[in-house]
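Residue numbering restarts at 1 for every chain, and letters A, B, ... go by the order of the sequence lines. Since we're looking at a predicted model, the values are computed, not measured. Quick note: numbers below take in every heavy atom, side chains included, and nothing from hydrogens, waters or symmetry partners.
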Protein chains: 2
Amino acid sequence: MTGVLEVVAEPHRRLILTLLLEGEKSAGEIVAALPLSQPGVSKHLKVLKDAGLVTVRRQARQRLYRLCPDPLREIDAWLTPFRDAWNERLDALETHLDGMEET
Amino acid sequence: MTGVLEVVAEPHRRLILTLLLEGEKSAGEIVAALPLSQPGVSKHLKVLKDAGLVTVRRQARQRLYRLCPDPLREIDAWLTPFRDAWNERLDALETHLDGMEET
DNA sequence: GGGAAATATTTCTGTCAAGGAATACGAGCA
DNA sequence: TGCTCGTATTCCTTGACAGAAATATTTCCC
């Protein structure tokens, strides 16, 4: 559970992050939105918080979670060379098509 | 093990993909490059193949694995809204700084 | 065809993480 | 102070996956 990728590999956690795209949500709201028990959600929230993907703010008896997408840049960075690779494939395809056009 | 993200969450599998950025490699070469037993590597290669992340080609007694980065687009797509979110944060920061400049 | 090299598959075991139930904690309110 | 709501933590069980060792399979060479 060290890397961001591993944290994000869990479907429920991805759901939580997607939910937080709408804005800050209380733990209770997140529980209501997930097919999971309250403790289950709470545990996922802890993992996300430890990974720096969310920040918490206390307001009265509630905990408000806010998305913090910065660590996802790590995934983006990892993806970069592969993005280049698939662009090369596209380039090759275009070159091929161009070659066909000439005939 | 359904999604690409889960497949790629495994460090050894990421290592294999990174290795294949250099070009086609035989299973043996991959085994030699990883701190893992031959069967272990072979199993990971199967997972990668099932996920469509590599293609195999037989040449003599060897199996040559080639990178096929297309499924990674799925991760890229998932990342998109979060990328927007972090751009918003940057914009907010710039706006803030611009505001400070004026004073 | 027999043997050896390259790789895949099976079997087994240990580990780790996810999920649920119960419990603990903390803040606000009567 | 005691009670209740919102949330976190603990404990336990279960299932899945990673890894190693042994075995099977395929292909080449003699």
Inset, instruction - Could you check which residues of residues 50-60 of chain A get a heavy atom under 4.0 Å from DNA chain C? Sort them by number, please. - result: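 Output list: A/A60.
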Legend entry - Sorted by number, the residues of residues 19-33 of chain B with heavy-atom contact under 4.0 Å to DNA chain C: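 Here the set is B/S26, B/A27, B/G28.
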Inset, instruction - Would you please confirm or rule out a distance under 4.0 Å between OP1 or OP2 of D/dA8 and any side-chain N or O of A/Y65? - result: yes
Legend entry - A/R13 side chain near C/dA18 phosphate (N/O to OP1/OP2, under 4.0 Å): yes
Give me the atom names and distance for the closest heavy-atom approach of [X] to [Y].
| X | Y | result |
| --- | --- | --- |
| A/L21 | B/P81 | CD1-CB, 3.6 Å |
| B/Y65 | B/V54 | CD2-CG2, 3.9 Å |
| A/H12 | A/P35 | NE2-CG, 4.2 Å |

In this structure, how many angstroms lie between the [atom2] atom of [N] and the [atom1] atom of [X], rounded?
| X | N | atom1 | atom2 | answer |
| --- | --- | --- | --- | --- |
| A/K49 | D/dA8 | NZ | C1' | 9 Å |
| B/R63 | D/dT26 | CZ | P | 9 Å |
| B/E6 | C/dC16 | CD | P | 20 Å |
| A/K46 | D/dT10 | NZ | P | 9 Å |

Below 3.5 Å is the cut-off: list the nitrogen or oxygen pairs between protein and nucleotides 3-5 of chain C, distance only.
unit_1, atom_1, unit_2, atom_2, d
C/dA5, O4', B/R61, NH1, 3.3

Legend entry - Gap between atom CG of B/D98 and atom OG1 of B/T95 - 0.5 Å precision: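 Going from OG1 on B/T95 over to CG on B/D98, the span is 6.5 Å.
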Legend entry - Nearest-0.5 Å distance, CG of residue B/L17 to CD of residue B/E10: 10.5 Å
Legend entry - Pairs flagged by side-chain hydrogen bond (donor to acceptor under 3.5 Å, both in side chains) wherever residues 32-45 of chain B is involved - sequence neighbours left out: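 Pairs touching residues 32-45 of chain B that pass the test: B/R13-B/H44.
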Test side-chain hydrogen bond (donor to acceptor under 3.5 Å, both in side chains) applied to [X] - qualifying residues, sequence neighbours left out:
| X | answer |
| --- | --- |
| A/E29 | A/S26 |
| A/Q59 | none |
| B/E24 | B/R57 |

Report all side-chain donor-acceptor pairs from residues 66-79 of chain A shorter than 3.5 Å, counting only partners two or more places apart or in another chain.
unit_1, atom_1, unit_2, atom_2, d
A/D76, OD1, B/R83, NH1, 2.3

Between the protein and nucleotides 19-23 of chain D, which nitrogen or oxygen pairs are less than 3.5 angstrom apart?
unit_1, atom_1, unit_2, atom_2, d
D/dG19, OP1, B/H12, ND1, 2.9
D/dG19, OP2, B/H44, NE2, 2.8
D/dG19, N7, B/K43, NZ, 2.8
D/dA20, OP2, B/S37, N, 3.3
D/dA20, OP2, B/S37, OG, 3.2

Legend entry - Partner residues of B/K46 under the side-chain contact (heavy atoms from CB on, under 4.5 Å) criterion, sequence neighbours left out: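 Scan of B/K46 (side-chain contact (heavy atoms from CB on, under 4.5 Å), adjacent residues dropped) gives B/D50.
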Inset, instruction - Examine distances only and state if a side-chain atom of A/R58 and a backbone atom of A/R63 form a donor-acceptor pair shorter than 3.5 Å. - result: no
Legend entry - B/Q62 side chain to B/L64 backbone, donor-acceptor under 3.5 Å: no
